Participant: 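Have a look at this one before I ask anything.
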Amino acid sequence: MFLNKLLMEAVRIVAFAVAICMEAGYREDDRETWPTIGNLKKALALFGLASPRRIEHIVSRLLQTGYLESRVSPLDRRVRLLIPTARMIEHDRDWLTAHYAPLAALFGEADYVLPLGGNRQFQRAQRQAATGIFTQSAMVLLRNPDVLLFLARDAGVLVLVELAKAVAGRATPVVDLSLAQLGRRFAISRAHIRQLLLEAEARELVEIDQARRRITLKPRLLESLDRFVAEGMSNHDLTGAVARRQCGLA
């Protein structure tokens, strides 16, 4: 529940991941790669998700909760570097395992042994490779505004995935809607979910039957979710291949 509140919203998720990637790609001889708050803001500007002040607030929260440390640069004492803690690295390792699991299910485990096993060398190599595709990663969000509506709300993407799971395998994309059940599952209020779904209905992504407490997911929303998942998986597969080569397992 705590991690849900801390991370499950687009800009917080991206800030967390970009901070991990920047430290992995850090080279002392290139200031543009230093994991500073200024360089983090530059990278996050590609995603168009938050103001510099909001980013500062997120970083402050990650520092307070023990996911980041602020250290003086050994080369310039005027500069402070944002360094992931063991707690942050462990959560990121779990994140990578979860995101490579579906690729392994589709294509076999042979190419995904390292991330599935939580290999630290692979994790660092993959995150280093990811620094080279920040623009490509940003486009996964920017090309999918329908999904971004849910990503931009606390636990909104979890609500969307839960509804999509309920629809899967049915003859029609209509499922029962319980705001109370969703609220308990993801530690958010019914009012929060109701407002999110009303915004989705206004965009013609869903249709809500208040009387029968049912919701219909429109084809456009399901197609957007498919595209979002596919593009994200493609980027993980790409960076995973680079990381395997760096680990000597081409």
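What you see is a predicted model, and the numbers here were worked out from it, not measured in a lab. Positions are given from 1, in the same order as the sequence printed here. Reckoned from all heavy atoms, side chains included, excluding hydrogens, waters and symmetry mates.
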Participant: Quick one: side chain to side chain donor-acceptor pair (under 3.5 Å) partners of Asp29, sequence neighbours excluded?
Facilitator: none

Participant: Could you check Asp237 against Tyr112 for side chain to side chain donor-acceptor pair (under 3.5 Å), going step by step and ending with a plain yes or no?
Facilitator: CA-CA 9 Å; Asp237 203 35; Tyr112 310 102; 2.7 Å; yes

Participant: Return each pair, listed once, that meets ring-ring contact (aromatic ring centres under 6.0 Å, His included) where at least one residue sits in residues 134-171; pairs must be two or more places apart or across chains.
Facilitator: none

Participant: Which residues pass the side chain to side chain donor-acceptor pair (under 3.5 Å) test with Arg31, not counting sequence neighbours?
Facilitator: Asp76

Participant: Using the test side chain to side chain contact (heavy atoms under 4.5 Å, CB included), find all partners of Ala171 that sit at least two apart in sequence or belong to another chain.
Facilitator: none

Participant: Distance check, rounded to the nearest 0.5 Å: Leu205 atom CG versus Ser224 atom OG?
Facilitator: 7.0 Å

Participant: Heavy atoms, side chains only, cut-off 4.5 Å: are Met233 and Leu106 in contact?
Facilitator: yes

Participant: Shared ILVMFWY cluster between Ile13 and Ile20, side chains joined below 4.5 angstrom?
Facilitator: yes

Participant: Mark yes or no for whether Trp34, through its side chain, and Asn39, through its backbone, hold a donor-acceptor pair below 3.5 Å.
Facilitator: no

Participant: If the condition is salt bridge (Lys or Arg N to Asp or Glu O under 4.0 Å), which residues does Arg124 pass it with, not counting sequence neighbours?
Facilitator: Glu23

Participant: Would you find more than 12 non-hydrogen atoms of other residues, nucleotides or ligands less than 6.0 Å from Glu69 atom CD?
Facilitator: yes

Participant: Strictly distance-based, threshold 3.5 Å: is any side-chain N or O of Ser70 a donor or acceptor partner for the main-chain N or O of Arg80?
Facilitator: no

Participant: If I take atom CG from residue Leu68 and atom CG from residue Leu62, how far apart are they, to the nearest 0.5 angstrom?
Facilitator: 5.0 Å

Participant: Is there a side-chain contact between Pro35 and Leu40 in this structure, where contact means two heavy atoms from C-beta onward sitting under 4.5 Å apart?
Facilitator: no

Participant: Evaluate side-chain contact (heavy atoms from CB on, under 4.5 Å) for Glu231 paired with Gln136, printing each intermediate quantity in order.
Facilitator: CA-CA 9 Å; Glu231 290 178 351; Gln136 190 170 323; over 6 Å; no

Participant: Going hydrophobic residue to hydrophobic residue with side-chain gaps under 4.5 angstrom, can you get from Trp95 over to Val11?
Facilitator: yes

Participant: What side-chain donor-acceptor pairs closer than 3.5 Å can you find for residues 45-59, not counting sequence neighbours?
Facilitator:
residue, atom, partner, partner atom, Å
Ser51, OG, Arg54, N, 3.2
Arg54, NH2, Glu9, OE1, 3.1
Glu56, OE2, Lys41, NZ, 2.5

Participant: How long is the straight-line distance from CD1 of Ile215 back to CG of Leu197, given to the nearest 0.5 Å?
Facilitator: 4.5 Å

Participant: May I ask you to say whether Arg153 pairs ionically with Glu199, meaning some side-chain N is under 4.0 Å from a carboxylate O?
Facilitator: yes

Participant: Roughly how far apart are Leu198 CG and Arg203 CZ, rounded to 0.5 Å?
Facilitator: 13.0 Å

Participant: Please tell me whether Phe107 and Leu238 are part of a single hydrophobic cluster in this structure, the criterion being side-chain heavy atoms less than 4.5 Å apart.
Facilitator: no

Participant: If the condition is salt bridge (Lys or Arg N to Asp or Glu O under 4.0 Å), which residues does Arg213 pass it with, not counting sequence neighbours?
Facilitator: none

Participant: Hey, quick one: are Val72 and Leu81 part of the same hydrophobic cluster, counting side-chain heavy atoms closer than 4.5 Å, chains of contacts allowed?
Facilitator: no

Participant: By side chain to side chain donor-acceptor pair (under 3.5 Å), which residues pair with Asp111, not counting sequence neighbours?
Facilitator: none

Participant: Hey, are the side chains of Pro115 and Thr97 touching, using non-hydrogen atoms and a 4.5 Å cut-off?
Facilitator: no

Participant: Under 4.0 Å between a Lys/Arg side-chain N and an Asp/Glu carboxylate O for Asp154 and Arg12?
Facilitator: yes

Participant: Contact between Thr36 and Leu82 at the side-chain level, heavy atoms closer than 4.5 Å - yes or no?
Facilitator: no

Participant: Ignoring hydrogens and geometry, is there a side-chain-to-backbone donor-acceptor pair from Arg87 to Thr65 under 3.5 Å?
Facilitator: yes

Participant: Under 4.5 Å between side-chain heavy atoms, counting indirect links through other Ile/Leu/Val/Met/Phe/Trp/Tyr residues: same cluster for Val167 and Ile208 or not?
Facilitator: yes

Participant: With rounding to the nearest 0.5 angstrom, report the CZ to CE distance, Phe16 to Met88.
Facilitator: 4.0 Å

Participant: Does the side chain of Glu28 reach to within under 4.5 Å of the side chain of Pro74, using non-hydrogen atoms?
Facilitator: yes

Participant: Once side chain to side chain donor-acceptor pair (under 3.5 Å) is applied, do any residues pair with Arg170, and if so which ones, sequence neighbours excluded?
Facilitator: none

Participant: Name all residues meeting the salt bridge (Lys or Arg N to Asp or Glu O under 4.0 Å) criterion together with Arg220; count only those two or more places apart in sequence or in a different chain, and write none if there are none.
Facilitator: Asp146

Participant: With sequence neighbours excluded, give me every ring-ring contact (aromatic ring centres under 6.0 Å, His included) pair touching residues 213-243.
Facilitator: His99-His236, Tyr100-His236

Participant: Does Gly118 offer a backbone N or O that forms a donor-acceptor pair with the side chain of Arg93 under 3.5 Å?
Facilitator: yes

Participant: Report yes or no: does Gln123 contribute a side-chain atom to a donor-acceptor pair with the main-chain N or O of Ile89 at less than 3.5 Å?
Facilitator: yes

Participant: What closest approach, in Å, do Ala130 and Cys21 show between heavy atoms, and which atom pair accounts for it?
Facilitator: CB-SG, 3.7 Å

Participant: Counting heavy atoms not belonging to Arg143, are there more than 12 under 6.0 Å from its CZ?
Facilitator: yes

Participant: If we ignore hydrogens and angles and just use 3.5 Å, is the side chain of Asn144 paired with the main-chain N or O of Val147 as donor and acceptor?
Facilitator: no

Participant: Given 3.5 Å as the limit, does a donor-acceptor pair link the side chain of Thr239 with the main chain of Asn235, or not?
Facilitator: yes

Participant: Keeping the roles fixed (side chain from Thr33, backbone from Arg27), state whether a donor-acceptor pair exists under 3.5 Å.
Facilitator: yes

Participant: Report all side-chain donor-acceptor pairs from residues 158-166 shorter than 3.5 Å, counting only partners two or more places apart or in another chain.
Facilitator:
residue, atom, partner, partner atom, Å
Glu162, OE1, Arg185, NH1, 3.1
Glu162, OE2, Arg185, NH1, 2.9

Participant: With side chains defined as the heavy atoms from C-beta onward, is the minimum distance between Asp209 and Thr216 less than 4.5 Å?
Facilitator: no

Participant: Hey, which of Leu225, Leu222, Val174 is the one that makes side chain to side chain contact (heavy atoms under 4.5 Å, CB included) with Leu217?
Facilitator: Leu222

Participant: Could you check Leu182 against Leu177 for side-chain contact (heavy atoms from CB on, under 4.5 Å), going step by step and ending with a plain yes or no?
Facilitator: CA-CA 9 Å; Leu182 288 170; Leu177 177 62; 4.1 Å; yes

Participant: So, taking the atom named CG in Leu103 and the one named CG in Leu116, what distance separates them when rounded to the nearest 0.5 Å?
Facilitator: 9.0 Å

